[in-house]
Number of protein chains: 2
Amino acid sequence: MNIEQRDQKIAQIFKALAEPNRLKIIRVLYQAQREMTCGEVGKELNISKSTVSYHFKALRLIGLTNTRKIAQEKYLSINVETFQTYLPGFLETL
Amino acid sequence: MNIEQRDQKIAQIFKALAEPNRLKIIRVLYQAQREMTCGEVGKELNISKSTVSYHFKALRLIGLTNTRKIAQEKYLSINVETFQTYLPGFLETL
DNA sequence: GCATTAGTTCGGTACGCAGCAAACTAAAAT
DNA sequence: ATTTTAGTTTGCTGCGTACCGAACTAATGC
């Protein structure tokens, strides 16, 4: 991966975190200390389920969250290891 | 500052870093280990001076960089202290 | 005082994205 | 097999912003 591509990647990560509702999703999940469904999160933040799904996707793309499907519900959870491993690495890189 | 405002603030910081050219500016400055003018940076990144000025502003607003005016040139530099102090704080907050 | 040289601001364009409702998909339960 | 219930995808709208060149501002130096 060259520098150009790496900048793009890092920017993508920051971008994913540069949205108040996505930060709220992360905090809600972290504080709940359990998996939650899109619906639950949506009610908590007063936004539609489609928007929540949209944000979930962004967080999943950067590897910050996991999904686990049970019955027809997809439970979202924070991938703590990724969370703690990646970000300090970015700082170091910069 | 309530949670709502804090999320907004944190999002603003991430937003400022969520742009490849701004990351490049930071790296160029860091590697040069000296102050540089808008013009110099612009040539380095092949973007116009107005765009560089625009990005400088964004970085200054989150306190990541300093400007120091000498003659008619404004030299930009990384505020290293801020850089090392703020970001780990954000991670901790999350 | 005038020309030069830097940065900033302004008008405008193009693209991206957050948000919604509605349509669609997939699985479970009955 | 049909109904229900969750998530995803698909238009669509509105707003934000990266980018440029041109106009403007401010200070230097002759």
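All chains are named by letter (A, B, ...) in the order of the sequence lines, taking the proteins before the strands, and each is independently numbered beginning at 1.
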Exercise for the section: Please report, rounded to the nearest Å, how far the P atom of D/dT8 is from the CG atom of A/L61. Expected result: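 It is 12 Å, rounded to the nearest whole Å.
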Problem - Rounded distance in Å - CZ (B/F14) to P (D/dG16) - result: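 In whole Å, D/dG16 P lies 22 Å from B/F14 CZ.
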Handout entry: Test side-chain contact (heavy atoms from CB on, under 4.5 Å) applied to B/A11 - qualifying residues, sequence neighbours left out
Key =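 Partners of B/A11 under the side-chain contact (heavy atoms from CB on, under 4.5 Å) test: A/P20, A/L23.
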Problem - side-chain contact (heavy atoms from CB on, under 4.5 Å) partners of A/K24, counting only residues at least two apart - result: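 Partners of A/K24 under the side-chain contact (heavy atoms from CB on, under 4.5 Å) test: A/N21, A/R27, A/L45, B/E4, B/D7.
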Exercise for the section: State which residues pass side chain to side chain donor-acceptor pair (under 3.5 Å) with B/S48; sequence neighbours excluded, sorted by chain then number. Expected result: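 B/S48: side chain to side chain donor-acceptor pair (under 3.5 Å) contacts with B/S50, B/T51.
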Could you tell me whether the phosphate oxygens of [N], OP1 or OP2, come under 4.0 Å of any side-chain nitrogen or oxygen in [X]?
X     : N      : value
B/K57 : C/dT9  : yes
B/N21 : D/dA18 : no
A/S53 : D/dG7  : no
A/H55 : C/dG19 : yes
A/R60 : D/dT8  : yes

Practice task
Take B/I47 and A/V52, find for each the nucleotide of DNA chain D with the closest heavy atom, and name the residue whose nucleotide sits nearer the 5' end.
Solution key: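 The 5'-side residue here is A/V52.
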Exercise for the section: With DNA chain C as reference, determine whether A/N46 or B/Y54 sits nearer its 5' end, using the nearest nucleotide of each. Expected result: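 In this pair, the answer is B/Y54.
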What's touching nucleotides 21-25 of chain D from the protein side, N or O pairs under 3.5 Å?
from   : atom 1 : to    : atom 2 : distance (Å)
D/dG21 : O6     : B/S50 : OG     : 3.2

